[in-house]
Amino acid sequence: MGSAEPSRRGIRIAIDRGGTFTDCVGNPGTGKMEDDILIKLLSVDPANYEDAPLEGIRRLLSRFTGKEIPRGQPLDTSQIESIRMGTTVATNALLERKGEDIAMVVTKGFKDCLAIGNQSRPNIFALNIRKPEVLYKTVVEIDERVTLEDYAEDPERNSTEAKSIEEAGEEAELVKGLSGEAVRILQRPEEDRIRKQLKEVYDNGLRSIAVCLMHGYTYPRHEALVGKIAREVGFEHVSLSHELMPMIKLVPRATSACADAYLTPAIRKYIDGFSKGFEGGLGSKSVKREEGSKGARCEFMQSDGGLVDVDIFSGLKAILSGPAGGVVGYALTSYDPQTKIPVIGFDMGGTSTDVSRYGAGRYDHVFETTTAGVTIQSPQLDINTVAAGGGSRLFWRNGLFVVGPESASAHPGPACYRKGGPLTITDANLFLGRLLPDFFPKIFGKNEDEGLDAEASEKLFHELSAEINKEVAGDNKDKEMSLDEVAYGFIKIANETMTRPIRSLTEARGHDTSKHRLATFGGAGGQHAVAIAEALGITQILVHRYSSVLSAYGMALADVVDERQEPESTVWSDVKDVREYLQAKMKDLKTKSTATLKGQGFEEDQIHFEEYLNLRYRGTESALMVIRPSKEDADKEVDGDEWAFGKAFVKQHEQEFGFTLPDRDIIVDDVRARGIGKTFEGLEKTVDQQLKEIKPNDIGKGEKQYASRKVYFEGGRQDTSIYKLEDLKTGDRIKGPAIIADGTQTIVVTPGASALLINTHVVINIGESDGQDKQIDTKEVDPILLSIFAHRFMAIAEQMGRALQKTSVSTNVKERLDYSCALFDSEGGLVANAPHLPVHLGSMSTCVRKQASIWKGKLKKGDVLVSNHPMFGGTHLPDITVITPAFSGDKIIFYVASRAHHADIGGILPGSMPPHSRELFQEGAAIKSEKLVSEGHFNEKRITELLLDEPGEYPGCSGTRCLSDNINDLKAQVAANQKGINLISTLMSDYGEEVVQFYMTNIQLNAEKSVRSLLKDVYKRFEGQDLSAVDYMDDGSPIKLKVTIDPEKGEAVFDFSGTGPEVYGNINAPEAVTYSAIIYCLRCLISEDIPLNQGCLAPIHVRIPKKSFLSPSDNAAVVGGNVLTSQRVTDVVLKAFRACAASQGDTNNLTFGFGGTSIAKDGAGAGARTETKGFGYYETIAGGSGAGPTWNGTDGVHTHMTNTRITDSEVFERRYPVLLREFGLREGSKGRGAHVGGEGVVRDIEFRIPVQVSILSERRVYHPWGMNGGGDAECGLNVWVRRIERGGVDRNSDSRKDGAGKEEKGEEIEFRYINLGAKNTASMKPGERIIVYTPGGGGWGKEGDESQVKDRADPKKAWRGGSLAERQATAEASA
């Protein structure tokens, strides 16, 4: 890396400023790798320099020019061609919440839209609910309103024609929006009023605002007006949501606008300071300057993998600035467009591990992702942070080895960093000899001049091993584990923890992990790469020579990008008019983009485009961003038609979801153009070209060896050769075990693998497995294997879930992920369940056990069972369970099952969730026990009878209203079960049937042990106290509970004697629901991750009086039991344990719609079926959570047994004929106390056509109680705002007159406010409303007492992100 003469104005510099280190790559202008200079320096070193990137550039310029440039002197830009940077300034400001103070401007009625968000909670088992705090200081509500005239669920597909505002005129009430939809203007904003409101905010010292108004993505005029006034008032930064990302969805768009307003000023401040260090300034404007010294080009990396000129770099696009460089780096150096082998990027640093994928020659983008608790709507590379990196902490918990999610972070760092830090993965690698202190920078200790401290790591391993051996081996010395075994156990668990999400990421997109290469980079990646690749079935690993500075190198290779997007609503068609209309829109976007890129100095021939349409099937929300087919693909697949977006969408949908919907329209949601200014012409030779030409030279033992040491691999320590990377030549091949290292990275080559050096990379080929196959003992439990099997069983349930989501058709399963998949032992005992939905946890095994006993000895291979009846382990009828036995010979060795929520299964109302059902038949099809598949044959005739014919025979009832969806989803459930069986068969062929069965049993025993120790702890805490509680349903039915704990055995009796009798209504709850509530409460009280399985219930004995409403008879209605009574049971259990005050204790189930199937009962047409086409909608609404001993309650959130998301306000109005008047917090509804409860919400919906509206709710009579002297919260209230024509009004009535007015005919109308009670249904006319006021949460402690609130940070907060975290959150939000 010697210095090379710079060509005149040719120096190119690329910098990645990371959390710990800043990496710099400089080239004198030759573009050759051998002329590069690499510098690594600390990101924060105030004793030596103020700004790390500036210091890096100073050092590079000194090296290139041969002259030492003094610190503090402005740098001469005359020899610099370009500076490219990635920065963590935005990410850090977001993580530490140190951005600019801002105000949010939003439509009246939506001031709390971000406080409520999508109403789900981030951690399903946390009683102390922590939602990310909002970014704004204050909110301004603007009195303006527009809505969409038509609705997507209209069975008649009506479409209103409208003119653009230019044609229709300023006063028009109906205009055409940007998306082509008809927009109705209901309330125009008043300029003077807005000016006054904004002036007030300005006078309070705020200088940055974010503006997001309802439907601003398609009708941006009101937002633009607010922006204009704000600039006139003097605001320095104004973020308008429609300019940042004109996509539907109010909450993500508002969050994005807030993030931009919050972060951009911080970035501008940083850039201004940085630019002052250069003589002529930076950016394309400074380059064009006529007088004075010219500046240098300077571009910043954006989250989408493209560079942008320093002058237009904004906060919203900066959040993944650093990691994006790494993706570009490995994508452009590891992917070969000829062989097209896709690559998985594995970036393991000190504080996080990022995973991504690159295939088909383009980046995977996501358009909605959460970083540091903020959901951003903007194109970002799909980078998934899956673990806390080398700093992941090591724990022994509940008999299992646990790695992370807690991190030692950069300070104090791992134990070996000499700052008294905890034990981490880095320490385990150091202890096992896989990390070499000689090659690690000496920057530790008091004077920052010492190396890693191996003794500190060893001391902590001694302590941890002693703790583990005491529990595992007791006095038996033979069973003790050595320090090596313990440390290596943690490495294995860390690899298992990282492998699961990598598999999820690739498989969720329909790809097979084993068909990829693994590109590893980041400081710790090389130590784990071989094990990760082996677990994923990958046989080749690529480690770039610059792997530890690959993010910076990626900046040097990246292109400048300009993204443009506009909303749309057209139905895709191959007809000429539609194509020409979309092509014109695309051309307009490309023209704007070209102008921007030319302004940054690009010539026409350097600019090219990726063109996309965002497409989805009508009635679904799974949109796919589809790229315009390349000429090569078009010639091969679609007869040369390069605008065959429709065919490309169908192909992509088939690949990603496993099916297509040929009878449905394809809707265009957005038109997007990605303009690319080409600066990188491709490497001289790709990896595959180099591999073809290379002649490997096998290095003999001892040859070129730097040192040798004993390193631990599977089975023991082995003599391992150590090589310095710079001592090896291209073509050298080294057989494992070996370690290759330089100053920045350590690559571990395991036994059975080999490493080959090519010009650009170290290529590791994996041969036989790491070490010898060891015989696994099934007499004693190995805690490492137990931890591994916990992951493996969970991974199988997760993969079943992905198969189910991929092949299902209904929105409930595909988009809301309202399903559970699980694995059971041969007795039907739960082994693993994913996702962890509280309400399914205890009940699925009841169902499987029941079916196993009914069909004992009668099942054959290829049989599949189906059931949903509450007496057979069901919860409520829409949840249908499909069960498949797995055989070894004639013996059933385990079961797999999947349960999915079906949108309709018949009954008296659409949606099968009637608020006033009295008998089970009114709630739809009830299936006790049937064969869905007999020896491989799907019994469609019988399932049609069960779902369609039989329910319709009851008075006033219909059969299912969506039979084809039911059948498709049932087939998807069968396929998911089959996937589970195949995966376990693979596990058995790897480990043997006996071993898998042994650990299936022991994982349950482990959970049992955790619960027993919890119960012993609880007994100590409450010694001698009475653990009993009572609470009431709104009809006065009591739920009584007395808990008796046996402290010796760690067992408990939950006795519900005294609970009220079965109810002639629908709040009866099957026994399975009570079991689920108990498991959920115990898991909340343990507050640690334990395997949730049958073992949790082993020490629990539940006594429920028969014929009470917690153990009702066969035909009792139960729909409210699952969604309402389950919440009350939870409240009672937590009350008995004095855990926290009551939460809202309700799910506020609201349904509306019209249409359905009816059967004529008599006359000539008796038995004839008539179907009215319509739609149905169902939602649950959040409330307040209860306060506890160390926390305040949370406002507007779902609690306990439910966690469903609410439909976004804009999507709600686009899909249904409604106007959402208000969705905000209900002030004053929380319980008071030393710790206050959470506020409930107000949801005010106006209907625009006649619909049937039903509400099923609780806590309308009995208040959510406070605890420990805390105050009760307010009850809920359901109000029907009814429209009465004046002629029919009682003249003496004192009903509310507000809103009374005159109809066109001169008829007076009046609005009456009518209390609907907790459970009711009403036919509502256009203009009528339902207002749901949900309950708050109770308070804790007497008001005025000293607060004991503790602030506990979520260990995952810093690193959850990408499509994977989004998927997991969606799954957890389907309860």
Side-chain angles (χ1 to χ4, degrees), residues 3-18 22-29 36-46 48-90 264-302 307-314 318 321-322 325 552 555-556 558 560 599-602 677 679:
S3 85
E5 265 307 297
S7 58
R8 173 86 191 121
R9 189 150 196 140
I11 298 173
R12 299 177 197 161
I13 296 170
I15 296 176
D16 172 36
R17 186 191 184 285
T22 292
D23 301 329
C24 314
V25 178
N27 183 278
D36 289 345
I37 293 180
L38 273 59
I39 290 178
K40 215 174 177 61
L41 63 163
L42 286 168
S43 293
V44 181
D45 189 357
N48 291 310
Y49 43 83
E50 274 179 34
D51 183 72
L54 202 58
E55 171 67 9
I57 294 169
R58 184 191 72 77
R59 291 186 194 179
L60 284 172
L61 288 178
S62 298
R63 295 271 295 273
F64 282 130
T65 57
K67 290 189 225 124
E68 184 59 30
I69 301 166
R71 276 187 190 146
Q73 182 180 314
L75 301 174
D76 175 13
T77 46
S78 62
Q79 292 189 323
I80 299 175
E81 186 182 315
S82 72
I83 295 171
R84 294 170 156 201
M85 266 179 74
T87 177
T88 52
V89 171
T264 303
I267 279 179
R268 299 275 25 124
K269 209 175 285 173
Y270 173 74
I271 287 172
D272 291 345
F274 178 66
S275 301
K276 285 197 178 98
F278 298 88
E279 252 173 29
L282 297 175
S284 48
K285 284 183 193 153
S286 70
V287 176
K288 292 178 197 158
R289 202 182 292 127
E290 298 294 323
E291 287 131 36
S293 46
K294 282 194 175 163
R297 286 187 65 138
C298 177
E299 287 124 2
F300 273 78
M301 176 58 82
Q302 303 185 107
L307 295 161
V308 68
D309 190 80
V310 62
D311 296 330
I312 50 177
F313 185 49
S314 81
S321 175
M555 318 273 172
V560 175
Q600 291 180 48
F602 288 93
T679 58

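Side chain of Ser321 to main chain of Thr88: no donor-acceptor pair is present (N/O by atom type, distance under 3.5 Å, no hydrogens or angles). With hydrogens and angles ignored, the 3.5 Å screen pairs a side-chain donor or acceptor of Ser62 with a backbone N or O of Ile69. Remark: side-chain polar atoms of Arg84 are paired, donor with acceptor, to backbone N or O of Ala556 under 3.5 angstrom. Looking only at distances, no side-chain donor or acceptor of Arg59 sits under 3.5 Å from a matching main-chain atom of Leu41.
At least one test fails for Arg17 against the ring of Phe300: distance under 6.0 Å to the centre or angle within 45° of the axis.
For the side chain to side chain contact (heavy atoms under 4.5 Å, CB included) criterion with Met555, the lone passing option out of Ile15, Val25, Asp16 is Asp16.
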Would Arg71 and Glu55 satisfy side chain to side chain contact (heavy atoms under 4.5 Å, CB included), going step by step from the backbone distance to the final call?
CA-CA 8 Å; Arg71 276 187 190 146; Glu55 171 67 9; 3.0 Å; yes
Go through Ile83 and Ile57 one step at a time and tell me if the side chain to side chain contact (heavy atoms under 4.5 Å, CB included) criterion holds.
CA-CA 9 Å; Ile83 295 171; Ile57 294 169; 4.0 Å; yes
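Under the rule for a side-chain hydrogen bond (donor to acceptor under 3.5 Å, both in side chains), the partners of Asp23 that lie at least two apart in sequence or sit in another chain are Lys40.
Summarising the geometry of Ile267 relative to Ala90, their closest heavy-atom pair is CD1-CB, 3.7 Å, with the distance given to 0.1 Å. Across all their heavy atoms, Arg268 and Asp311 have their closest contact at NH1-O, 3.6 Å. The two residues Ser43 and Thr22 come nearest to each other via the heavy atoms OG-OG1, 3.0 Å. Closest approach of Asp51 to Leu54, counting heavy atoms only: OD2-N, 3.1 Å. Contact between Ala266 and Val89 at its shortest, heavy atoms only, is O-CG1, 4.4 Å. Across all their heavy atoms, Ala552 and Ala14 have their closest contact at O-CB, 3.1 Å.
We find the CG-OG distance between Leu282 and Ser82 to be 11.0 Å, quoted to the nearest 0.5 Å. Separation of atoms CG (Asn27) and CG (Leu60) is listed at 10.5 Å; rounding is to 0.5 Å. Remark: Glu299 CD to Asp309 CG distance equals 6.5 Å, nearest 0.5 Å.
Ring geometry for Phe278 versus Phe274: interplanar angle over 60°, hence perpendicular rather than tilted (30 to 60°).
Between Ser314 and Val308, every side-chain heavy-atom pair lies at or beyond the 4.5 Å cut-off. Residues Met85 and Val310 have side chains not in contact (no heavy-atom distance under 4.5 Å, counting atoms from C-beta outward). Annotation: side chain of Arg58 is in contact with side chain of Glu68 (closest heavy-atom distance under 4.5 Å). Inter-residue side-chain proximity for Ile80 and Leu61 is flagged as met; some heavy-atom pair is nearer than 4.5 Å.
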